[in-house]
Amino acid sequence: MGKPFRACFIGLTGIVSAPVSTGLGGGRSVQPYSHASAVDRIPNAVDLVAICDLVPALIDAFKERWGSRWPNLNVYSDFREMITTEKPDILLVATPDDKHAFIVEAAADMGVPAILCEKPLATTLADADKMIAAIERNGTLLTVEHTRRWDPFFHRVRELIDAGVIGEVKTIVTTLAGPRAMLFRNGTHAIDLQNYYAGGSPTQVWANLEDGFDGFTEYRGDGGHDPASEPGASGYVRYDNGVRALYNGTKGSLSDFEIDVLGSAGRIRISGTTAELHTVDGTTGETVQRSFPATMIMTGGIQGAWEELASTLAAGGTNADLRSNAYQARKTVQVLTGFLKSHDEGSRLIAL
Ligand SMILES: NC(=O)c1ccc[n+]([C@@H]2O[C@H](COP(=O)([O-])OP(=O)(O)OC[C@H]3O[C@@H](n4cnc5c(N)ncnc54)[C@H](O)[C@@H]3O)[C@@H](O)[C@H]2O)c1
């Protein structure tokens with residue numbers, strides 16, 4: 001193996017800088033949780049050389065926490081200056097949801113070969129398309145950090161579907177609940193996973209937003225910190241392979257997350273804490289239900305994202321080799337923005 005790739009981070013809030021947590025909260029605690037703690041674990045593949053944020057206190061806090069691990073870190077407030085000076089192989093973009101596009105576009109045009117962008121790809125289709133045009137004209141790798149695609153627990157469902165264990169996927173019901181169930185903020189994760197399990201591309205949607213969000217026709221999340229800034233939504237997605245899916249997101253309840261995938265020969269229900277496989281016993285014809293996976297070595301999805309991007313870059317691979325490439329992530333932006341358009345038009349079924 002050659003020298004580790006040079007990485008730079010833009011945006012230094014908790015998702016980037018948090019330490020590996022040792023406590024177990026409710027349900028599974030997937031570690032490493034943050035980008036710094038993920039890169040910390042793969043020193044042969046990636047080395048962090050510089051960080052950037054507009055807020056000096058976040059730079060100081062990052063250095064305080066991670067300075068002994070990366071003592072020679074260079075720090076910047078101007079991401080263009082960082083890219084010009086540091087010439088990173090991999091750039092992490094972890095700025096607010098609506099401030100990914102211009103940075104990814106600029107970085108691709110400045111010749112950064114691989115970019116890991118936090119989710120969602122963008123908050124408008126126009127931004128998503130500008131980003132895709134930029135990576136296409138520059139040959140840039142772009143991964144969007146829809147964490148569960150690499151989380152072995154959630155990825156196992158995709159493997160079971162691919163192995164034909166539940167037959168052909170027919171319908172999906174997705175539930176996202178709790179204060180963070182805002183459409184863009186965490187709805188992104190749920191809708192992306194729904195897309196991942198559906199397998200096709202969304203073609204039609206209808207949706208209805210929670211009360212008080214009439215006139216919410218475009219992202220106003222403002223960083224997505226305040227649950228009041230974004231609606232919960234209930235909606236329907238039809239895919240080009242015939243899969244029909246219902247999404248239900250509410251901020252007004254306990255926190256929960258579940259996806260129920262019904263296939264022609266079985267069913268899978270997965271949440272943050274449990275996973276059930278329902279199949280028909282070949283001998284008795286009875287429906288049997290069992291938990292899965294039986295055993296599994298867990299590595300956090302963020303580490304998986306970094307490992308995949310670094311190995312694809314090392315192998316001279318393309319965006320088609322990335323599990324959460326911009327073309328996949330664009331489908332999630334299509335559903336998010338399609339939901340807003342449908343609600344605005346009286347919750348009618350609209351073509352995407
Ligand atoms: N994958 C996950 O599970 C997960 C979890 C949390 C957050 N996120 C995503 O991470 C991103 C960051 O979210 P957040 O709420 O933690 O942070 P945030 O929205 O508060 O902003 C992140 C940081 O970006 C910095 N920033 C903004 N513009 C900048 C610029 N031009 N140059 C340098 N720095 C700049 C800000 O100063 C801020 O410190 C969002 O896209 C969010 O959706 C993902």
Item to complete: For the residue pair S234 and N248, confirm or rule out a side-chain donor-acceptor distance under 3.5 Å.
Response: yes

Worksheet item: Do S347 and N208 get their side chains close enough for a donor-acceptor pair, meaning under 3.5 Å?
Response: yes

Could you tell me how the ring of [X] sits relative to the ring of [Y]: parallel (under 30°), tilted (30 to 60°) or perpendicular (over 60°)?
X: Y236; Y: W206; value: parallel
X: F213; Y: F216; value: perpendicular
X: W70; Y: F62; value: parallel

Worksheet item: Is the shortest distance from a Lys or Arg side-chain nitrogen in E230 or R185 to a carboxylate oxygen in the other one below 4.0 Å?
Response: no

Discussion item. Regarding D127 and K130, does a basic nitrogen lie under 4.0 Å from an acidic carboxylate oxygen?
Written reply: yes

Discussion item. Please evaluate residues M131 and C117 with respect to the criterion side-chain contact (heavy atoms from CB on, under 4.5 Å), reporting the C-alpha separation (whole Å), side-chain torsions for both, the decisive distance (0.1 Å), and the verdict.
Written reply: CA-CA 11 Å; M131 296 162 92; C117 178; 4.3 Å; yes

Exceeds 12 heavy-atom contacts within 6.0 angstrom, atom [atom1] of [X]:
X: R180; atom1: CZ; value: yes
X: R290; atom1: CZ; value: no
X: D211; atom1: CG; value: no
X: E136; atom1: CD; value: yes

Worksheet item: Stepwise, does the side-chain contact (heavy atoms from CB on, under 4.5 Å) test hold for M82 with N74?
Response: CA-CA 9 Å; M82 178 170 76; N74 294 323; over 6 Å; no

